[in-house]
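A short worksheet on the structure shown next.
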Amino acid sequence: CLTRCIIVVVLEEQKLGIQKESSELRNTLREVEKARLDARRELQELRRQVIIYAAALRVNTMDPIYIEKNRFFIDFLC
């Protein structure tokens, strides 16, 4: 009976340890998912800005001074 009680206590301690670890893993996963969503939103905003800038470039492509000042971006987008 004593051996059985010791085994039960050990198993309960292991169970609590596993539950704590799984809870920590779930919290970490939530944090990672939140960071992923934040990065995705930021990337979408940057894409939106590139599209707006590309549209502005199309409007100003006839202006040689504008082209020279923005050569890097024009080359990047082409």
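Start at 1 with the first residue, then count along the sequence. Values in this document were obtained by computation on a predicted structure and should not be read as measured data.
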Does [X] have any salt bridge (Lys or Arg N to Asp or Glu O under 4.0 Å) partners at least two apart in sequence or in another chain, and if so, which?
| X | result |
| --- | --- |
| R30 | none |
| R26 | none |
| K20 | none |
| E45 | R48 |

* To do: Might you work through the side chain to side chain contact (heavy atoms under 4.5 Å, CB included) test for Q49 and L46, ending with a clear yes or no?
  => CA-CA 5 Å; Q49 290 176 12; L46 290 171; 4.1 Å; yes
* Asked: Which residues pass the side chain to side chain donor-acceptor pair (under 3.5 Å) test with R40, sequence neighbours left out?
  ->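 Per chain and number, R40 pairs via side chain to side chain donor-acceptor pair (under 3.5 Å) with no residue.
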Anything under 3.5 Å between a donor and an acceptor, one on a side chain of residues 9-19, the other on a protein residue two or more places apart or in another chain? List them.
none

* Considering residues, nucleotides and ligands other than E33, do more than 12 of their heavy atoms fall under 6.0 Å from its CD? ->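 Count over threshold, so yes.
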* Asked: Rounded to the nearest 0.5 Å, how far apart are OG of S22 and CG of L29?
  ->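 The OG atom of S22 sits 12.0 Å away from the CG atom of L29.
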